[in-house]
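All remarks here apply to the structure that follows.
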2 protein chains.
Amino acid sequence: MGKNPKRNRETLESTQEMSKCILKNKQFNSEEAEEIIQAIRIENHPKGSILLKEGEVAKDCYLLMKGCVRQYFLVDGVEKTTFFFVEEQGFSSFKSAAKGIPSDHFLECIEDCTLAVLSVQKELELYQKYPNFESLSRSGLEDQLGDYQEMLAKFITSKPEDRYLDLLENRPELINRIPQYQLASYLGVSPETLSRIRKRIFLKK
Amino acid sequence: MGKNPKRNRETLESTQEMSKCILKNKQFNSEEAEEIIQAIRIENHPKGSILLKEGEVAKDCYLLMKGCVRQYFLVDGVEKTTFFFVEEQGFSSFKSAAKGIPSDHFLECIEDCTLAVLSVQKELELYQKYPNFESLSRSGLEDQLGDYQEMLAKFITSKPEDRYLDLLENRPELINRIPQYQLASYLGVSPETLSRIRKRIFLKK
DNA sequence: TTTCTTTCTTGACAAACGTCAATGAAAGTC
DNA sequence: GACTTTCATTGACGTTTGTCAAGAAAGAAA
């Protein structure tokens, strides 16, 4: 599954879309953009396929064009979901990719996914060649780091119910797309508790 | 407090130490290193001083040479601690600094601190001038992002008691340096609960 | 459709947590 | 030294959560 990504009409459209995304960026001239586009491959992975297993070394970084990817840990045989990536989000298993160490988590497509994939090796080459590309990456990393600082802070400072309300407000699309037991795990509670939290909220209105 | 940092023997030593840290990095020639060192100023802030207030726009990024800095939010009049920075750690309020928006949190020196400070503006200039410097920054950001991914995952997947045990194992120095009520907040529980958790752990041994 | 599987809900009970209040201990101040 | 302030501990009680188990609802497959 997912080992042999299809090359179809959707793939071509995604390539064009991704290309536009890079070309519109004024930091790049057409030559640079061309080489970057060449380095990126589009992959389609069906729902349920695993992009990265625990123990494997991450070799790629991703830009999600369509679908949803779940990051989870296996703790005492139980899956603990820690993140959902959706459209337009770029991501990688940084610890594993940057240091070449085995990943401690899994990445799973929980919907049919279309991904723009760039190998870490190629990425480094592009950094060397085009400082503008590294600049774009640094800036993106700063944004993401800001997001993570914020998420961690929210998680520390709020209760499960508040976190669910926060999700309702800031990422409502997740609630309809994602199985409730995975959302529960993401909120740090059991599926039963999330069910009760939903009931409590419903009764309050 | 902290508005008028002292220039003393300690400051000079810190400058030398920081300079060595940059010079030893083989990515830089002496000219580059010199300019970077010139751009960085050393500041001493006494215990209790605030580096950044909620509502202010972050203009600097920091490298902590000595002491400990606490990040906290003010939620309904209660301080919620979300991070402790210690020696050798570089940090910034990324969201605020990168986007020029007001900070949603505070940064407080909870010990007498010696900091290497670089303004965001100067930082961007150095990136423009020396791609190697931006490269160093990108790499550092990736490391930090990996750390944050890991921390968030740990927080989601573990209970308060596990988090305390984790702290005992991985950052034991924090436990003796930091008031317990701030640690409790950092672990996401009330001071009373942390006190009881410690008792439980003690009884188990 | 029917059947099977997966997911969600509900109940019951024990464990853990938050809050309020009181007490103790430690550190700093006069 | 005595005093004040701050921080840590302990008890009591109500709320929330986890777990186990059973049943309902929703999807997928035959």
Side-chain angles (χ1 to χ4, degrees), chain A residues 1 46-49 68 70 72-73 75-81 84 108-112 154-168 174-205, chain B residues 1 46-49 68 70 72-82 84 108-112 154-168 174-205:
Chain A
M1 285 203 298
K47 176 178 175 174
S49 55
C68 184
R70 176 173 73 111
Y72 69 92
F73 289 69
V75 185
D76 302 328
V78 182
E79 291 182 5
K80 302 271 190 174
T81 300
F84 298 103
E108 177 199 13
C109 299
I110 60 171
E111 299 176 356
D112 292 343
K154 267 187 186 163
F155 212 96
I156 292 178
T157 61
S158 66
K159 299 176 215 159
E161 181 164 337
D162 298 325
R163 292 200 282 276
Y164 183 74
L165 289 170
D166 193 79
L167 218 58
L168 265 176
L174 284 187
I175 299 200
N176 297 319
R177 281 171 84 167
I178 292 166
Q180 204 164 300
Y181 72 98
Q182 288 180 5
L183 269 182
S185 179
Y186 177 55
L187 294 173
V189 296
S190 66
E192 294 93 330
T193 294
L194 177 54
S195 176
R196 285 174 185 125
I197 286 174
R198 283 163 53 89
K199 194 178 178 181
R200 265 201 318 257
I201 292 172
F202 182 77
L203 290 176
K204 278 180 189 169
K205 286 184 184 171
Chain B
M1 285 203 297
K47 176 177 176 175
S49 55
C68 183
R70 176 173 74 111
Y72 69 92
F73 288 69
L74 211 50
V75 185
D76 302 327
V78 182
E79 290 182 7
K80 302 271 191 174
T81 299
T82 51
F84 297 103
E108 176 199 15
C109 298
I110 59 171
E111 298 176 357
D112 291 343
K154 267 188 186 164
F155 212 96
I156 292 178
T157 61
S158 65
K159 298 175 214 161
E161 180 164 339
D162 298 326
R163 291 200 283 275
Y164 182 75
L165 289 170
D166 194 78
L167 218 58
L168 265 177
L174 283 187
I175 299 200
N176 296 321
R177 281 171 83 166
I178 291 167
Q180 204 164 299
Y181 73 98
Q182 288 180 6
L183 269 182
S185 179
Y186 178 55
L187 295 172
V189 297
S190 66
E192 293 94 330
T193 294
L194 177 55
S195 176
R196 285 172 185 127
I197 286 174
R198 281 162 54 90
K199 195 177 179 183
R200 266 202 317 258
I201 292 172
F202 183 77
L203 290 175
K204 279 180 187 168
K205 285 183 185 171

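A, B, ... follow the sequence lines: proteins, then strands. Residue 1 opens every chain.
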Between the main-chain N or O of B/Pro46 and the side-chain N or O of B/Asp112, is there a donor-acceptor pair closer than 3.5 Å? no
Mind checking what makes salt bridge (Lys or Arg N to Asp or Glu O under 4.0 Å) contact with B/Glu192, not counting sequence neighbours? none
Would you tabulate the pairs of protein nitrogen or oxygen atoms and nucleotide nitrogen or oxygen atoms of nucleotides 27-30 of chain C closer than 3.5 angstrom?
none

For A/Phe202 and C/dT10, give me the distance from atom CZ to atom P, rounded to whole Å. 11 Å
N/O (side chain, B/Arg200) to phosphate O (OP1/OP2, D/dT9) under 4.0 Å: no
For B/Pro191, answer base if it contacts any base atom (sugar-phosphate contacts may also be present), sugar-phosphate if it contacts only those atoms, and nothing otherwise; contact means non-hydrogen atoms under 4.0 Å. nothing
Does the side chain of A/Lys199 get closer than 4.0 angstrom to OP1 or OP2 of C/dT9 through an N or O atom? no
C/dT6 phosphate, OP1 or OP2: any side-chain N/O from A/Gln180 under 4.0 angstrom? no
Would you mind reading off the distance between B/Leu203 atom CG and C/dA16 atom P, rounded to a whole angstrom? 12 Å
Residues in side chain to side chain contact (heavy atoms under 4.5 Å, CB included) with B/Arg163, at least two apart? B/Phe155, B/Ser158, B/Pro160, B/Leu187
Can you give me the closest heavy-atom contact between B/Ile178 and B/Cys68, atom names plus distance? CD1-SG, 4.3 Å
Once you build an axis from the first five pairs and another from the last five of the helix from C/dT1-D/dA30 to C/dC30-D/dG1, how far apart in angle are they, to 10 degrees? 40°
Using whole Å, report how far CZ of B/Arg198 lies from C1' of D/dT9. 10 Å
Between A/Asp162 (CG) and C/dG18 (P), how many Å, whole number? 13 Å
For B/Phe73, give me all partners under ring-ring contact (aromatic ring centres under 6.0 Å, His included), at least two apart in sequence or on another chain. B/His105
Can you name the residues that form a side chain to side chain donor-acceptor pair (under 3.5 Å) with B/Thr82, not counting sequence neighbours? B/Gln71
Tell me every residue that passes ring-ring contact (aromatic ring centres under 6.0 Å, His included) with A/Tyr72, counting only those two or more places apart in sequence or in another chain. A/Phe106
Exercise: identify the closest heavy-atom pair between A/Glu79 and A/Ser185: O-OG, 3.6 Å
Within this structure, what is the CZ-to-P distance between A/Arg163 and D/dT17, rounded to whole angstrom? 9 Å
Using the 3.5 Å cut-off, write out each protein N or O paired with an N or O of nucleotides 18-23 of chain D and the distance between them.
from   : atom 1 : to       : atom 2 : distance (Å)
D/dG18 : OP2    : A/Ser190 : N      : 3.2
D/dG18 : OP2    : A/Ser190 : OG     : 3.1
D/dG18 : OP2    : A/Thr193 : OG1    : 2.5
D/dT19 : O4     : A/Arg196 : NH1    : 3.4
D/dC20 : N4     : A/Glu192 : OE2    : 3.2

Kindly give the heavy-atom pair with the smallest separation between A/Ile156 and B/Thr81, and that separation in Å. CG2-O, 3.6 Å
I'd like a list of close polar pairs between nucleotides 24-30 of chain D and the protein, N/O only, cut-off under 3.5 Å.
none

I need the OH-C1' distance between B/Tyr181 and C/dA25, as an integer number of Å. 16 Å
Only pairs at least two apart or in different chains count here, so list each salt bridge (Lys or Arg N to Asp or Glu O under 4.0 Å) that has a residue in residues 174-184 of chain B. B/Glu87-B/Arg177, B/Glu111-B/Arg177
What is the distance from CG of B/Asn176 to P of D/dA8, rounded to the nearest Å? 12 Å
Between B/Leu183 and B/Ile175, what is the shortest heavy-atom contact and its length? CD1-CA, 3.9 Å
Residues at least two apart in sequence or cross-chain that pass salt bridge (Lys or Arg N to Asp or Glu O under 4.0 Å) with A/Asp166, listed by chain then number, are A/Lys154
Could you pull out the closest heavy-atom pair between A/Arg70 and A/Ile110, with the gap in Å? CB-CG2, 3.7 Å
Could you check how far CG of A/Leu187 sits from P of D/dT16, rounded to whole Å? 17 Å
Could you pull out all residues at least two apart from B/Phe84 that satisfy ring-ring contact (aromatic ring centres under 6.0 Å, His included)? B/Tyr186
